[in-house]
2 protein chains.
Amino acid sequence: MDYSAEEITKSLKAKGLRVTPQRFAIYANLLSRADHPTVEQLLEDLNQDFPIASLATIYSSLQVLKEVGLVQAVLVEEGVARYHAQMETHYHFHCSVCGAIEDIPSGQLAPISLKQLRPGLKPESYDITIRGVCDRCQ
Amino acid sequence: MDYSAEEITKSLKAKGLRVTPQRFAIYANLLSRADHPTVEQLLEDLNQDFPIASLATIYSSLQVLKEVGLVQAVLVEEGVARYHAQMETHYHFHCSVCGAIEDIPSGQLAPISLKQLRPGLKPESYDITIRGVCDRCQ
DNA sequence: CTTTGTGCAAACGATTTGCAGGATG
DNA sequence: CATCCTGCAAATCGTTTGCACAAAG
C-alpha cells in the first residue's frame with residue numbers, strides 16, 4: 001500500500017498526463033489514505049503546511065484522473081462527492097452515524113449474478129453500498 | 001400499482017402527517033410513476049395545468065416524507081437527488097447513456113450474505129446499483 | 001515554443017433557510 | 001386557535017467556467 005514517487009509519476013505518464021506538482025500531490029494523497037475524502041478535505045490536507053493546490057485545480061485534476069481511470073468518485077451522501085484511488089473491485093460500507101466510508105474487498109461478498117435481469121438491459125458494472133453503524137459509533 | 005385518494009390520505013395520516021394538497025399531490029405523483037424524478041421534474045409535472053406546489057414546498061415535503069419512510073432518495077448521479085415511493089426492497093439499474101433508472105425487483109438478484117463483513121460493522125441495509133445500457137439506448 | 005495546467009473570481013445549479021401569511025386538525 | 005405548512009426571496013454549498021499567467025514536454 002506504499003507508493004514511491006517514481007511509481008506515481010509513472011502511472012500519470014502512462015495515462016498520457018502531464019506531471020504537475022498539483023496532480024502528483026493529489027494523486028499521491030489519495031493513494032496514501034483509506035478514507036474517501038471530499039474535495040474540501042483534500043484541499044485542507046494538501047495545503048496544511050504550505051499552499052500546493054487551489055480548489056479549482058483539485059476539481060479539475062480529479063476530473064482528469066477520473067477520466068483516465070486512476071480515481072473514482074463515490075456517491076453515498078447527498079450533495080458531496082468523495083474520492084478514492086482504489087480501483088480494484090470493491091464495495092463500500094457507509095456509517096450512518098459518522099459518515100465514514102470503509103472499503104469492503106470484493107472477496108467478502110459473494111459475486112452477484114446478473115443473469116436474471118430482464119433481457120434488454122446490458123449491465124456493465126455494479127456497486128454495492130452497505131449502510132450501518134461502524135465500531136466507533138456503537 | 002393504483003392507489004385511491006383514501007389510501008394515500010390514510011398513509012399520510014398513519015405517519016402522523018397533516019394532509020395538505022401539496023403533500024398529497026407529491027406523494028400521489030411519486031406513487032403513480034415508475035421513473036425516479038428529480039425535484040425539478042416533479043415541479044414541472046405537478047404544476048403542468050395549474051400551480052400546486054412551489055419548489056421550496058416540494059423540497060420540504062420530500063424531506064418529511066423521507067423521514068417517515070414513505071419515500072426514498074436515490075443517489076446515482078452526481079449533483080441531483082432522485083425520488084421514489086417504492087419502499088419494498090429492490091435495486092436499481094442506471095442507464096449510463098440516457099440516465100434512466102429502472103427498478104430491479106429483489107427477487108431477480110440472489111440476496112447478499114453479509115456474514116463475512118469484519119466484526120464491528122453492524123450492517124442495516126444495502127443498496128445495489130447496476131450500471132449499463134438500457135434497451136432504448138443500444 | 002506549443003500545448004496544457006493553474007489560480008482567481010465570477011457564475012451556476014441544487015438545496016436550504018428565514019419569515020410572514022395561510023391552512024390543518 | 002395553536003400548530004404546522006406554504007411560498008417567496010435571499011442565502012448557502014458544492015462544483016464549473018472564463019480568462020490571464022505560468023509551467024511542462
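Chain letters run A, B, ... following the sequence lines, proteins first, then strands; residues in each count from 1. Side-chain atoms are counted along with the backbone in the values below, which use heavy atoms only and exclude waters and symmetry mates. This is a predicted model, so every value here is computed, not measured.
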K.L.:
Rounded to the Å, how far apart are A:K15 NZ and C:dT4 P?
P.N.:
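Rounding to the nearest Å, NZ of A:K15 and P of C:dT4 are 19 Å apart.
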K.L.:
Please tell me if the side chains of B:L65 and B:K15 come closer than 4.5 Å, counting only heavy atoms from C-beta onward.
P.N.:
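Side-chain contact under 4.5 Å: no.
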K.L.:
So that I know where these two stand, are B:H90 and B:H84 an aromatic pair - ring centroids less than 6.0 Å apart?
P.N.:
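B:H90 vs B:H84: aromatic centres under 6.0 Å.
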K.L.:
Round to the nearest Å and state the distance from A:K66 atom NZ to D:dT15 atom C1'.
P.N.:
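Going from NZ in A:K66 over to C1' in D:dT15 covers 10 Å.
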K.L.:
Test question: given the 4.5 Å side-chain rule for I, L, V, M, F, W and Y, name all other residues clustered with A:I101, or answer none.
P.N.:
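Taking Ile, Leu, Val, Met, Phe, Trp and Tyr as members, A:I101 shares its hydrophobic cluster with A:V74, A:V76.
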K.L.:
Taking all heavy atoms of B:S113 and all of A:L109, pick out the closest pair and write down the distance.
P.N.:
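The answer is O-CD1, 3.8 Å.
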K.L.:
Decide whether B:L75 and A:Y91 are clustered together by the hydrophobic rule: side chain heavy atoms of Ile, Leu, Val, Met, Phe, Trp, Tyr closer than 4.5 Å, transitively.
P.N.:
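No, because B:L75 and A:Y91 fall into different hydrophobic clusters, even though each may have its own neighbours under 4.5 Å.
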K.L.:
Start at the 5' end of DNA chain D and walk down; is the nucleotide closest to A:S60 or to B:S60 reached first?
P.N.:
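Going by which nucleotide is closer to the 5' end, it is B:S60.
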K.L.:
Using a cut-off of strictly less than 4.0 Å, decide whether A:S61 has a side-chain nitrogen or oxygen near OP1 or OP2 of C:dT6.
P.N.:
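For A:S61, the contact criterion (side-chain N or O under 4.0 Å from OP1 or OP2 of C:dT6) is met.
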K.L.:
Extract from the structure each pairing of a protein N or O with an N or O of nucleotides 12-14 of chain C at less than 3.5 Å, listing the distance.
P.N.:
from	atom 1	to	atom 2	distance (Å)
C:dA14	O3'	B:G79	O	3.2

K.L.:
Would you mind reading off the distance between A:F24 atom CZ and D:dA23 atom P, rounded to a whole angstrom?
P.N.:
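Checked: the CZ to P distance equals 19 Å.
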K.L.:
Check this for me, if you would: do B:K122 and A:D135 make a salt bridge, where the nitrogen-to-carboxylate-oxygen distance has to be below 4.0 angstrom?
P.N.:
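Looking at A:D135 together with B:K122, the answer is no, because their closest N to O distance does not fall below 4.0 Å.
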K.L.:
Figure out the CD/C1' separation between A:E78 and D:dT15, and round it to whole Å.
P.N.:
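The answer, rounded to whole Å, is 16 Å.
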K.L.:
Check whether any side-chain nitrogen or oxygen of B:T57 sits under 4.0 Å from OP1 or OP2 of D:dG7, and answer yes or no.
P.N.:
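The answer is yes; a side-chain N or O of B:T57 sits under 4.0 Å from OP1 or OP2.
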K.L.:
Can you find a side chain N or O atom of A:Q22 that sits less than 4.0 Å from OP1 or OP2 on C:dG7?
P.N.:
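Indeed, a polar side-chain atom of A:Q22 lies that close.
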K.L.:
Listing time: all N or O pairs from protein to nucleotides 22-25 of chain C that are below 3.5 Å?
P.N.:
from	atom 1	to	atom 2	distance (Å)
C:dT24	O2	B:R18	NH1	3.1
C:dT24	O2	B:R18	NH2	3.2
C:dG25	OP1	B:V19	N	3.0

K.L.:
Would you kindly give the CD1-to-C1' distance between B:I26 and D:dT6, to the nearest whole Å?
P.N.:
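So the two atoms are 10 Å apart, to the nearest Å.
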K.L.:
Given atom CZ of A:R82 and atom P of D:dT15, what is their separation to the nearest angstrom?
P.N.:
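So the CZ-P distance, A:R82 to D:dT15, works out to 12 Å.
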K.L.:
Determine the contact category for A:I58: base if any of its heavy atoms lies under 4.0 Å from a base atom, sugar-phosphate if only primed atoms, P, OP1 or OP2 are that close, otherwise nothing.
P.N.:
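The answer is nothing, as A:I58 stays clear of every strand by at least 4.0 Å.
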K.L.:
What integer distance in Å separates A:L62:CG from C:dT6:P?
P.N.:
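After rounding, the reported distance stands at 11 Å.
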K.L.:
Using the rule given for side-chain hydrogen bond (donor to acceptor under 3.5 Å, both in side chains), can you reason through A:T57 versus A:S54, listing the C-alpha separation, both sets of side-chain angles and the distance that settles it, and then say yes or no?
P.N.:
CA-CA 5 Å; A:T57 297; A:S54 70; 3.1 Å; yes
K.L.:
Taking side chain to side chain donor-acceptor pair (under 3.5 Å) as the criterion, tell me which of B:T129, B:D127, B:D103 meets it with B:H92.
P.N.:
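For B:H92, the side chain to side chain donor-acceptor pair (under 3.5 Å) check succeeds only for B:D103.
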K.L.:
Salt-bridge test for A:R136 and A:E102: reply yes if a basic N is under 4.0 Å from a carboxylate O, no otherwise.
P.N.:
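Between A:E102 and A:R136 there is no salt bridge, as every charged N stays at least 4.0 Å from the carboxylate O atoms.
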K.L.:
Would you kindly give the CD-to-C1' distance between A:Q63 and C:dT6, to the nearest whole Å?
P.N.:
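A:Q63 atom CD is separated from C:dT6 atom C1' by 15 Å.
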